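Data first, discussion second: the structure below is written as structure tokens.
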Amino acid sequence: MKYWLLKSEGSCYPISELKKDKRTSWTGIRNYQARNFMMKDMSIGDLCLFYHSNSKPNGVYGLAKVSSKPHTDETQFNKKDDHYDPKATKEKPIWYCVDISFLEAFKSPVSLDQIKFNTNLDGMMVRAQGSRLSIQPVEEKHFKYVVERMKP
DNA sequence: GCCAACGTTGGC
DNA sequence: GCCAACGTTGGC
């Protein structure tokens, strides 16, 4: 069992949308490191912190679970999609994604400020300056601590 | 809206 | 393979 943090722009696809959809394909990832996490390291049942960036406040808004093996991200072939990649072909896809399922929307988010100033979360990747990676591995102790709502 | 950090591209 | 230029992300 592994733990992850998935970033989404709050205005783009918030946890409330995932709650409605129940399940979605995590498409549009166009970064090799993030893609490789999905292709090689994620397993069905892994738990994910659902993080909103560009929000007020930024932070973890809920939980999701990996619910499929990696498969091709169809948006790479769609010219009308924001994430269209002209270099990708059906024969040689470049981008992959997994499906995730809704687990929980927090009543109140665990804000980035709370995460930053809590010594129990020292070393958590999302705290690092300039950390732009949209899929991040999370240590079990950090995951559990956030889920327990920052209580000791 | 600004801008620092960082990933990607492309010329050499 | 280097690195400058450029585009994007994301916190503020």
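Convention: sequence-line order gives letters A, B, ...; per-chain numbering from 1. Predicted model only: the values in this text are computed from it and were never measured.
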Which label fits A:Y3 and A:F143: parallel for a plane angle under 30°, tilted from 30 to 60°, or perpendicular past 60°?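 Geometry flag for A:F143 against A:Y3: tilted rings.
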Within residues 6-27 of chain A or reaching into it, pairs that qualify as salt bridge (charged side-chain N to carboxylate O under 4.0 Å, His left out) - sequence neighbours excluded: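 Applying salt bridge (charged side-chain N to carboxylate O under 4.0 Å, His left out) to every pair that reaches into residues 6-27 of chain A, excluding sequence neighbours, yields A:E17-A:K20, A:R23-A:D99.
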Atom pairs, protein N/O to nucleotides 8-11 of chain B N/O, distance under 3.5 Å:
residue : atom : partner : partner atom : Å
B:dT9   : OP1  : A:K87   : NZ           : 3.2

From [atom1] of [X] over to [atom2] of [N], roughly how many Å is that when rounded to an integer?
X      : N     : atom1 : atom2 : result
A:Q129 : B:dG7 : CD    : P     : 13 Å
A:Q33  : B:dG7 : CD    : P     : 7 Å
A:R132 : B:dC6 : CZ    : P     : 8 Å
A:K7   : B:dC6 : NZ    : P     : 11 Å
A:Q136 : B:dG7 : CD    : P     : 12 Å

May I ask you to decide whether A:K144 forms a salt bridge with A:E140, counting only side-chain N to carboxylate O separations under 4.0 Å?
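Here A:K144 pairs with A:E140 in a salt bridge, since their nearest N and O are under 4.0 Å apart.
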_I'd like to know if A:D73 and A:R35 make a salt bridge, using a cut-off of under 4.0 Å between side-chain N and carboxylate O._
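Answer for the salt bridge query: no.
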Subject >> A:L6-A:Y145 co-clustered via ILVMFWY side chain contacts under 4.5 Å >> reply: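 No.
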Hey, quick one: are A:Y61 and A:V147 part of the same hydrophobic cluster, counting side-chain heavy atoms closer than 4.5 Å, chains of contacts allowed?
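Different clusters: A:Y61 never reaches A:V147 through Ile, Leu, Val, Met, Phe, Trp or Tyr contacts under 4.5 Å.
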Strictly under 6.0 Å, is that where the ring centroids of A:F50 and A:W4 end up?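 Between A:W4 and A:F50, which both carry aromatic rings, the centre distance is not below 6.0 Å.
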**Message:** Any base atoms under 4.0 Å from A:K116, or only sugar-phosphate, or nothing? Heavy atoms, all strands.
**Reply:**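 Answer is sugar-phosphate: A:K116 comes under 4.0 Å of backbone atoms only.
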(message) By nearest heavy atom, map A:N54 and A:G130 onto DNA chain B; which one lands nearer the 5' end?
(response)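 Between the two, 5'-proximity favours A:N54.
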Under 3.5 Å, which protein N or O atoms sit close to an N or O of nucleotides 1-3 of chain C? Give each pair with its distance.
none

Would you mind telling me which of A:P14, A:S11, A:S111 makes a side chain to side chain contact (heavy atoms under 4.5 Å, CB included) with A:H52?
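In the set A:P14, A:S11, A:S111, the residue that makes a side chain to side chain contact (heavy atoms under 4.5 Å, CB included) with A:H52 is A:P14.
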